[in-house]
Amino acid sequence: MIIAVDGSAASGKGTLAKRLAAHYDLAHLDTGALYRCLALHLITEGRTATNVTESEAAGAVGSIDLLMAGSAAIRTDAVAGMASVVAAMPAVRQNFVSLQRQFATQTPNRRGAVLDGRDIGSVILPDADFKFFIDADLEERARRRTKELQESGQSAMFRDVFEDMQDRDRRDRERSEAPLKAAEDALVIDTTRLDADSVFAVATSHIDGNTNPKRR
Ligand code: DC
């Protein structure tokens with residue numbers, strides 16, 4: 001079973017993807033972490049959002065350290081900002097396609113995978129068995145992200161987080177290559193007034209109600 005979970009920043013898509021993977025015993029890939037690892041690599045090399053070129057960024061895809069995907073270093077707002085800039089570059093996106101498709105089709109236990117990101121259901125895995133598109137009001141998402149940053153010991157002001165997120169949203173939604181938008185066959189879940197348990201319940205009842213038992 002292949003599940004695509006797309007959506008905006010701090011919408012709850014990552015939490016949902018992790019919980020679905022654990023519940024159905026599937027492998028999980030946070031594809032945003034790929035763009036963040038690339039962004040961190042480029043920042044470390046002295047590149048900034050204004051001086052990085054597309055060919056440089058695309059060329060660096062092969063040198064990123066995927067072990068950084070689990071580290072707190074990729075979770076800063078500076079890395080997120082750079083990630084949204086490089087994610088708008090078609091050559092960068094192209095260089096990440098095969099890695100994501102391979103992950104989905106060659107999972108160790110062969111049960112399948114959950115991938116979360118922005119273009120999983122629309123571009124990377126258009127034939128996924130289930131597609132979800134998770135979104136919430138910008139204010140609510142900025143509130144969640146501010147709380148998350150403060151709880152992890154980083155200083156964060158709601159207004160700054162809100163403005164950063166607004167800029168990133170604009171870049172993600174308005175880019176010409178694989179913009180953030182719901183695939184036509186995705187189930188859209190607005191999490192503005194839903195907690196993580198309710199979102200999980202909506203998603204699992206959708207899957208369980210539509211799964212051919214032979215494929216489980
Ligand atoms: O989900 P996130 O905040 O970790 O993603 C970081 C950036 O990468 C964000 O600006 C969107 C971009 N991204 C993307 O364009 N496509 C994906 N499949 C995943 C993330």
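First listed ligand is number 1; within each ligand, the first listed atom is number 1. What you see is a predicted model; the values in this text were computed from it and never measured.
Ring geometry for Phe158 versus Phe162: interplanar angle of 30 to 60°, hence tilted.
Nearest protein neighbour of atom 7 (C) of ligand 1, counting heavy atoms only, is Ala83 CB, 3.8 Å. Looking only at heavy atoms of the protein, atom 8 (O) of ligand 1 is closest to Tyr35 CB, 3.6 Å. Here the protein heavy atom with the shortest distance to atom 20 (C) of ligand 1 is Gly32 CA, 3.5 Å. Nearest protein neighbour of atom 12 (C) of ligand 1, counting heavy atoms only, is Ala87 CB, 3.7 Å. Protein heavy atom at the shortest distance from atom 4 (O) of ligand 1 is Arg36 NE, 2.6 Å.
Residue Ser84 has at least one heavy-atom neighbour below 4.0 Å for each of these atoms of ligand 1: 10 (O). In the vicinity of Arg93, heavy-atom distances shorter than 4.0 Å reach the ligand 1 atoms 14 (C), 15 (O), 16 (N), 17 (C). Residue-ligand proximity, Arg175 to ligand 1, at heavy-atom distances under 4.0 Å covers atoms 14 (C), 15 (O). Of all atoms in ligand 1, numbered sequentially from 1 with element shown, those under 4.0 Å from a heavy atom of Thr31 are 17 (C), 18 (N), 19 (C).
The distance criterion of under 3.5 Å between nitrogen or oxygen atoms is met by Asp172 with respect to ligand 1.
Among pairs with a residue in residues 70-79, those fulfilling side chain to side chain donor-acceptor pair (under 3.5 Å) read Asp30-Arg75, at least two apart in sequence or across chains.
Between Leu138 and Asp169 there is a side-chain heavy-atom pair separated by less than 4.5 Å.
Contacts between Met165 and ligand 1, counted as non-hydrogen atom pairs separated by less than 4.0 Å, are absent for every part of the residue.
Listed for the Arg93 side chain is a donor-acceptor partner under 3.5 Å among the backbone atoms of Ala87. In this structure, Asn210 contributes its side chain and His206 its backbone to a donor-acceptor pair below 3.5 Å.
Using a 4.0 Å cut-off between charged nitrogen and carboxylate oxygen, Arg19 and Asp197 count as a salt-bridge pair.
Taking a 4.0 Å cut-off on heavy atoms, Lys13 registers as neighbouring ligand 1.
Checking Asp135 against Ser11 by side-chain atom types alone, no donor-acceptor pair falls below 3.5 Å. Asp119 and Ser122 share no donor-acceptor pair across their side chains, judged by distance under 3.5 Å alone.
Taking each of Arg118, Glu177, Arg75 in turn, the one with a heavy atom nearest to atom 9 (C) of ligand 1 proves to be Arg118.
A continuous path of Ile, Leu, Val, Met, Phe, Trp and Tyr side chains, each step under 4.5 Å between heavy atoms, connects Met82 with Met68, placing both in one hydrophobic cluster.
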